[in-house]
Amino acid sequence: MLYDTLIAPVAEFEFMRRALVGTFALALGAPPIGVFLMLRRMSLIGDAMAHAILPGAAIGFMIAGLSLFAMAGGGLIAGLIVALGAGLISRSTQIKEDASLAAFFLISLALGVTIVSVKGSNVDLLHFLFGSVLAMDDPTLMLIVGIASVSLVALALIWRPLVLECVDPGFLRSVSRAGGPAHIAFLALVVMNLVGGFQALGTLLAVGIMMLPAVISRFWARDITGMIGVAIGSAAVSGYAGLLVSYHLNLPSGPGIVLVAGALYAVSVVAGPAGGLIWLALPQRHLEA
Amino acid sequence: MTEQLKFRNLTLGYDRHPAVHHLDGAVRTGSLTAVVGPNGAGKSTLFKGVVGVIKPLAGRIERNGVRPQDIAYLPQVAEIDRSFPISVYDMVAMGLWRGKGLFGGIGAKDRDTVEGALAAVGLTGFEQRPIGTLSGGQMQRMLFARLLLQDARVIVLDEPFNAIDTKTCADLLLLVRRWHSEQRTVLAAMHDMELVKANFPESLLLAREPVAWGATADVLTPENMLKARRMCEAFDEQAQACVVAA
């Protein structure tokens with residue numbers, strides 16, 4: 001019974017195994033990035049960047065059809081242009097990053113949807129918007145796994161300046177020039193992971209596996225290492241549970257994964273040990289010291 | 001007597017408006033100098049210039065061979081995101097940056113050094129506390145521990161004793177005196193004149209332009225203080241380009 005529910009779908013169907021590998025890779029790469037976005041109060045910027053990828057991917061689609069590399073490459077280029085442009089503008093002027101990205105968000109989404117609709121069918125459009133986690137071929141998997149690997153290694157390399165730029169940017173500026181390059185590398189990682197997520201979850205939901213686990217982690221851990229562990233764990237659980245739920249109930253998989261993450265989020269808000277609502281509501285005796 | 005820092009007709013500011021105007025002079029190696037003056041006098045701006053965070057609008061700063069990033073700098077507390085989930089220990093260990101850089105490992109010897117610095121500021125036992133749970137005074141103690149680890153020849157403290165109780169202030173002043181006895185060059189922005197008179201042999205009275213600079217007793221005279229207070233604080237939007245000859 002338990003086997004039928006939890007193991008059998010994955011053991012029997014190759015598309016389920018592929019989907020699982022893909023979501024686990026996404027769960028390793030994207031949530032740590034999401035944690036940093038959250039700590040830098042850039043949570044919504046992930047959303048804006050995900051949409052910025054769309055027109056690039058759509059142009060790739062227009063030129064080469066449903067080719068992985070044209071779409072991923074187009075998305076990567078578009079995302080990097082927007083990320084670096086917005087980053088440079090906010091670093092050299094008074095305009096905050098979120099303000100410049102908010103404009104790109106709507107323009108990009110509208111432009112991308114238009115391009116895909118002109119060239120392709122409604123099915124193509126759905127693929128762009130919500131991904132196709134159950135139809136991932138070898139190159140797609142390689143791309144997602146490669147992105148996860150690169151992003152974990154890169155995060156380890158820029159860890160110190162990244163943390164320090166969040167907590168004490170003045171000190172970082174006074175000891176090192178690494179803040180700027182680390183920031184740009186970080187934005188590039190955001191784009192890469194969104195391009196990876198885009199393949200599986202589409203432009204509208206790619207952010208889901210990045211930000212929801214990050215927000216969940218805040219309710220379970222009090223230091224950044226713990227938060228990243230919780231974020232990766234909850235993303236992997238969401239991926240696995242989401243795939244199973246969508247299999248058994250015959251629901252779309254991408255939204256299933258994000259909905260499970262959403263459910264975990266709801267549980268965390270209520271019961272998370274680090275600031276969950278019930279702990280605030282319960283009358284607790286104060287401590288002696 | 002060597003000079004650690006030399007200011008040559010230095011003008012620092014924002015948007016071409018000077019916050020420090022035509023400063024000339026030198027800070028001796030191993031001296032302990034209080035930088036005093038009203039709010040908006042340019043104390044923080046001067047320090048940002050010294051540590052290389054902002055570039056001079058005109059003139060220059062000579063640091064006698066010390067790179068800007070080798071100067072230990074205590075910014076105003078407001079620049080720290082206290083909600084960030086990082087422990088006191090990790091925050092203090094960042095003081096090892098100059099020796100460790102981006103990738104250097106923290107070994108057993110370094111951990112002893114960090115523990116020693118925490119003990120020196122009276123924060124033993126606080127290692128795993130998130131920085132957000134510290135009081136204002138404990139926060140300042142933590143930042144002094146980080147300064148200790150930086151082991152710098154030049155130390156710049158931006159209002160280090162603001163809103164700090166007398167006990168904490170006295171403990172931290174001991175560290176400042178220790179640095180002074182170790183021949184390190186220390187600059188501190190100060191508002192408490194009694195503290196300055198009791199602890200700082202030299203003072204620079206700043207009110208955008210230098211009002212007086214030298215032995216503390218000669219600088220902090222009533223006439224000089226009055227002069228400093230009269231200097232206006234606001235930027236003049238209609239200001240003309242400054243034509244004072246260099």
Side-chain angles (χ1 to χ4, degrees), chain A residues 32 35-43 91-94 153-183 185-186 214-215 217-231 272-275 287 289, chain B residues 14-15 44 47-54 67-106 127-133 139 142-143 146-147 149-150 152 154-156 158:
Chain A
V35 168
F36 275 101
L37 282 175
M38 174 182 69
L39 291 174
R40 302 181 135 203
R41 298 179 176 78
M42 288 165 63
S43 298
R91 284 189 154 247
S92 50
T93 70
Q94 292 290 323
V153 171
L155 205 56
L157 292 178
I158 62 170
W159 179 268
R160 279 182 192 167
L162 201 55
V163 167
L164 203 46
E165 200 180 54
C166 297
V167 64
D168 193 351
F171 179 72
L172 178 64
R173 279 197 303 275
S174 75
V175 294
S176 165
R177 305 260 171 270
H183 182 78
F186 174 70
V215 186
S217 75
R218 186 106 227 207
F219 288 95
W220 297 89
R222 290 191 193 273
D223 76 281
I224 184 161
T225 318
M227 284 169 63
I228 283 178
V230 170
L287 304 175
Chain B
Y14 311 93
D15 280 340
S44 298
F47 288 176
K48 283 181 190 162
V50 167
V51 300
V53 169
I54 57 173
R67 295 181 305 161
Q69 57 266 45
D70 292 337
I71 297 175
Y73 171 46
L74 178 72
Q76 290 189 14
V77 172
E79 287 200 55
I80 291 172
D81 176 4
R82 298 180 59 162
S83 69
F84 193 89
I86 187 173
S87 68
V88 168
Y89 185 94
D90 286 345
M91 191 76 173
V92 170
M94 296 283 193
L96 296 169
W97 188 292
R98 188 159 63 102
K100 299 295 168 192
L102 292 173
F103 311 120
I106 309 277
E127 289 82 356
Q128 296 314 316
R129 289 266 294 266
I131 59 168
T133 65
M139 190 80 174
M142 177 188 78
L143 295 177
R146 191 173 70 180
L147 288 170
L149 291 185
Q150 284 186 264
V154 183
I155 299 165
V156 175
D158 199 348

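So you know, we letter chains A, B, ... as the sequences are listed, proteins then strands, and number each from 1. None of these values were measured; they are calculated from a predicted model.
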Taken to the nearest 0.5 Å, the spacing of Lys48(B) NZ from Asp158(B) CG works out to 7.5 Å
Select one option (side chain, backbone, both, neither) describing which atoms of Arg40(A) are under 4.5 Å from chain B's heavy atoms. neither
Which portion of Leu157(A) sits near chain B, non-hydrogen atoms under 4.5 angstrom: both
What part of Leu74(B) lies closer than 4.5 angstrom to a heavy atom of chain A: side chain, backbone, both or neither? neither
Out of Pro130(B), Ser83(B), Ala152(B), Gly52(B), which one racks up the most heavy-atom pairs below 4.5 Å with chain A? Ser83(B)
Shorter than 4.5 Å, heavy atoms on both sides: which option in Asp70(B), Val51(B), Leu102(B) has the most such pairs with chain A? Leu102(B)
Cut-off 4.5 Å, heavy atoms of chain A, and the answer for Arg67(B) is neither
Could you work out, with salt bridge (charged side-chain N to carboxylate O under 4.0 Å, His left out) as the rule, every residue matching Arg41(A), not counting sequence neighbours? Asp81(B)
Heavy-atom side-chain contact between Asp168(A) and Met91(B) under 4.5 Å: yes
Using side chain to side chain contact (heavy atoms under 4.5 Å, CB included) as the criterion, list what pairs up with Ile106(B), not counting sequence neighbours. Arg160(A), Leu96(B), Lys100(B), Asp110(B), Arg111(B)
Using heavy-atom distances under 4.5 Å, tell me whether Gln128(B) contacts chain A through its side chain, its backbone, both, or neither. neither
d(Leu39(A) CG, Arg218(A) CZ) to nearest 0.5 Å is 5.5 Å
Side-chain donor-acceptor pair present, Ser87(B), Asp223(A), cut-off under 3.5 Å: no
